[in-house]
There are 2 protein chains.
Amino acid sequence: MMISYRYYNRMMKNDSRTLRPLLDRLFRLSAADAWLGDLTPTQMAALDYLSRANRFSRAPSQVADFLGATRGTVSQTLKTLERKGLVAEHKSKEDKRRIRYDITSSGQTALNGVSQLGSALAELDADQQQALITGLHALLHQLVQTRGSRPFGLCRDCRYHDPSTPQGAFCRLLEVRLEAGEAAQICHEQIAAA
Amino acid sequence: MMISYRYYNRMMKNDSRTLRPLLDRLFRLSAADAWLGDLTPTQMAALDYLSRANRFSRAPSQVADFLGATRGTVSQTLKTLERKGLVAEHKSKEDKRRIRYDITSSGQTALNGVSQLGSALAELDADQQQALITGLHALLHQLVQTRGSRPFGLCRDCRYHDPSTPQGAFCRLLEVRLEAGEAAQICHEQIAAA
DNA sequence: ATTAATAGTAGCGATTCGCTATAATTGCAA
DNA sequence: TTGCAATTATAGCGAATCGCTACTATTAAT
């Protein structure tokens with residue numbers, strides 16, 4: 001079937017003008033209700049990331065990379081979270097430029113709110129939920145691809161992850177032994193296995 | 001099959017903690033690239049809404065309702081867009097409290113940028129694209145439901161829309177005749193047909 | 001005529017954000 | 001070893017966002 005260039009263009013523009021506003025409104029409406037725990041949406045997003053990232057991926061630069069923000073912005077956000085006692089500074093001894101932010105138990109608690117978005121999702125059919133999550137992941141993967149940003153996948157899905165050495169799980173990139181549970185965390189360095 | 005309350009809770013929490021960050025990151029990464037036309041993401045969202053809403057739905061309150069923001073915030077945003085020449089004020093003569101913001105041709109042009117999100121979407125399979133859009137619409141519908149906010153659907157899908165009177169299309173709620181193309185616009189008053 | 005509700009705005013304080021320095025530290029190369 | 005470039009985090013600027021609390025103007029209700 002022949003499709004004219006004009007029609008193709010109209011389709012593209014239509015998609016572009018459909019998805020963005022849709023995603024945008026979903027985000028804004030859910031964000032409008034998310035101001036509960038005296039955290040802003042940005043602070044919540046940073047805190048959530050810190051709760052899921054491994055110890056090699058909790059520096060300001062890496063949070064900025066994940067959120068698509070600048071280091072300066074993230075630096076301020078993390079300082080605020082620290083003032084509120086939700087994260088704790090941890091200065092590196094190997095490289096004195098590096099700072100790591102670890103989530104505190106108080107920070108973990110702050111994440112436990114129920115989002116309206118989650119409730120709305122639960123109302124959908126099980127297979128529609130699955131299709132939606134899968135589709136969003138695929139979309140994010142593509143977006144990461146075009147932007148050239150890092151995927152921030154799980155450690156265990158990495159090409160450098162070795163689940164079974166005599167000493168336990170191991171990262172062949174950083175050449176360190178992995179603690180229990182770390183394989184299931186987000187890593188800044190992750191590159192998907194072949 | 002028996003499902004324990006504890007397990008049910010973990011599922012819920014898991015969904016809530018899966019979708020929110022996913023949607024959040026998608027939004028942030030796409031927003032980070034959307035600063036091209038010297039418009040902020042919020043300004044872009046307001047402008048996009050104004051380009052798609054009918055003449056009964058372009059007041060600050062209604063924009064605020066659509067975006068899930070307060071009237072005060074939106075008031076400022078619209079003033080900024082007006083200073084930039086992308087929208088034009090239009091004071092009502094019937095009700096002197098009302099102001100309507102119409103998009104200008106310059107504003108239309110500003111919307112024509114290609115979003116990275118649209119490009120990413122185009123990379124997906126056709127049926128996956130469809131499933132994603134459909135799923136997001138369903139999710140938004142549910143969210144609107146639980147929030148008790150208005151759906152902001154199209155005029156032609158409304159229970160008060162009459163497509164064929166002797167004088168042409170007609171709105172039985174506001175009791176006005178509809179101009180050409182208005183049936184395809186967003187309406188603040190829209191209530192889905194039965 | 002008085003009161004209540006509605007629509008838009010101004011101003012406050014905190015935060016976000018891109019941007020441009022700046023300081024501290026590290027790594028590499030001559 | 002010395003010196004310079006790259007990296008990391010931060011400070012400060014200006015604009016914008018945002019919830020909030022007045023406040024004005026206008027309209028509707030009693």
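In what follows, chains carry the letters A, B, and so on, assigned in the order in which the sequence lines appear, proteins first and then strands, with residues in each chain numbered from 1.
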Q: Check whether any side-chain nitrogen or oxygen of Arg28(A) sits under 4.0 Å from OP1 or OP2 of dT17(D), and answer yes or no.
A: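 False: Arg28(A) side-chain N/O out of range (4.0 Å or more) of dT17(D) OP1/OP2.
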Q: Picking from Phe56(A), Phe152(A), Tyr49(A), Phe66(A), what satisfies ring-ring contact (aromatic ring centres under 6.0 Å, His included) with His188(A)?
A: Phe152(A)
Q: Would you please say whether a donor-acceptor pair under 3.5 Å links the side chains of Ser57(B) and Arg100(B)?
A: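 On atom types as modelled, these side chains do not qualify, holding no pair under 3.5 Å.
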Q: Separation of Glu82(B) atom CD from dA16(D) atom P, in whole Å?
A: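 The distance from CD of Glu82(B) to P of dA16(D) comes to 14 Å, rounded to the nearest Å.
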Q: Rounded to whole angstroms, how far apart are CE on Met44(B) and P on dA15(D)?
A: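 To the nearest whole Å, that distance equals 20 Å.
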Q: With His161(B), which residues qualify under ring-ring contact (aromatic ring centres under 6.0 Å, His included), at least two apart?
A: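 His161(B) satisfies ring-ring contact (aromatic ring centres under 6.0 Å, His included) with no other residue.
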Q: Has Gln43(A) got a side-chain N or O lying under 4.0 Å from the OP1 or OP2 atom of dT16(C)?
A: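 Yes, such a contact exists.
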Q: Would you say Thr70(A) reaches dG18(C)'s phosphate, i.e. side-chain N/O to OP1/OP2 under 4.0 Å?
A: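 Looking at the OP1 and OP2 atoms of dG18(C), one of them is under 4.0 Å from a side-chain N or O of Thr70(A).
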Q: Test of understanding: clusters of I, L, V, M, F, W, Y form through side-chain heavy atoms closer than 4.5 Å, transitively. Do Ile186(A) and Leu174(A) belong to the same one?
A: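 They do not share one cluster, since no chain of ILVMFWY contacts under 4.5 Å joins Ile186(A) to Leu174(A).
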Q: Would you say the side chains of Arg177(B) and Thr165(B) form a donor-acceptor pair under 3.5 Å?
A: no
Q: Share the residues that join Phe27(B) in a hydrophobic cluster, the rule being Ile, Leu, Val, Met, Phe, Trp or Tyr side chains under 4.5 Å apart at the heavy-atom level.
A: Phe27(A)
Q: Nearest whole angstrom, please: distance from the P of dT17(D) to the CZ of Arg71(B).
A: 18 Å
Q: If we check side chain to side chain donor-acceptor pair (under 3.5 Å) with Thr80(B), which of these qualifies: Gln76(B), Arg83(B), Lys84(B), Glu82(B)?
A: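 Exactly one candidate clears the test, Arg83(B).
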Q: Restricting to pairs with a member in residues 121-139 of chain A, which pass salt bridge (charged side-chain N to carboxylate O under 4.0 Å, His left out), not counting sequence neighbours?
A: none
Q: Hey, is the side chain of Ser75(B) poking within less than 4.0 Å of OP1 or OP2 on dT9(C), counting only N and O atoms?
A: yes
Q: Want to settle it: does Gln76(A) or Thr80(B) sit nearer the 5' end of DNA chain D, counting the closest nucleotide to each?
A: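 Looking at DNA chain D, the more 5' nearest nucleotide goes with Gln76(A).
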Q: Please determine if a side-chain N or O atom of Thr40(A) lies less than 4.0 Å away from the OP1 or OP2 oxygen of dC18(D).
A: no
Q: Look at Thr42(A) and dT15(C) and indicate whether a side-chain polar atom (N or O) is within less than 4.0 Å of OP1 or OP2.
A: no
Q: For Phe170(B), give me all partners under ring-ring contact (aromatic ring centres under 6.0 Å, His included), at least two apart in sequence or on another chain.
A: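 So Phe170(B) forms no ring-ring contact (aromatic ring centres under 6.0 Å, His included) with any residue.
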Q: Heavy-atom contacts under 4.0 Å between residues 49-63 of chain A and DNA chain D, which residues?
A: Ala59(A), Pro60(A), Ser61(A)
Q: Rounded to whole Å, how long is the line connecting atom CG of Leu78(B) with atom C1' of dA7(C)?
A: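 It is 13 Å, rounded to the nearest whole Å.
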Q: Expected output is a numbered-order residue list: members of residues 89-99 of chain B with a heavy atom under 4.0 Å from any atom of DNA chain D. What is it?
A: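 By residue number: Glu94(B), Asp95(B), Lys96(B), Arg97(B).
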Q: Pick from Arg98(A), Lys93(A), Lys91(A): which one makes a salt bridge (Lys or Arg N to Asp or Glu O under 4.0 Å) with Asp95(A)?
A: Arg98(A)
Q: Between dA7(C) atom P and Arg100(B) atom CZ, what is the distance in whole Å?
A: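 The distance from CZ of Arg100(B) to P of dA7(C) comes to 16 Å, rounded to the nearest Å.
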Q: Figure out the CG/P separation between Leu47(B) and dA16(D), and round it to whole Å.
A: 15 Å
Q: Round to the nearest Å and state the distance from Leu81(B) atom CG to dG8(C) atom C1'.
A: 16 Å
Q: For the pair made of CG in Leu39(A) and C1' in dA14(C), what is the distance, rounded to whole Å?
A: 13 Å
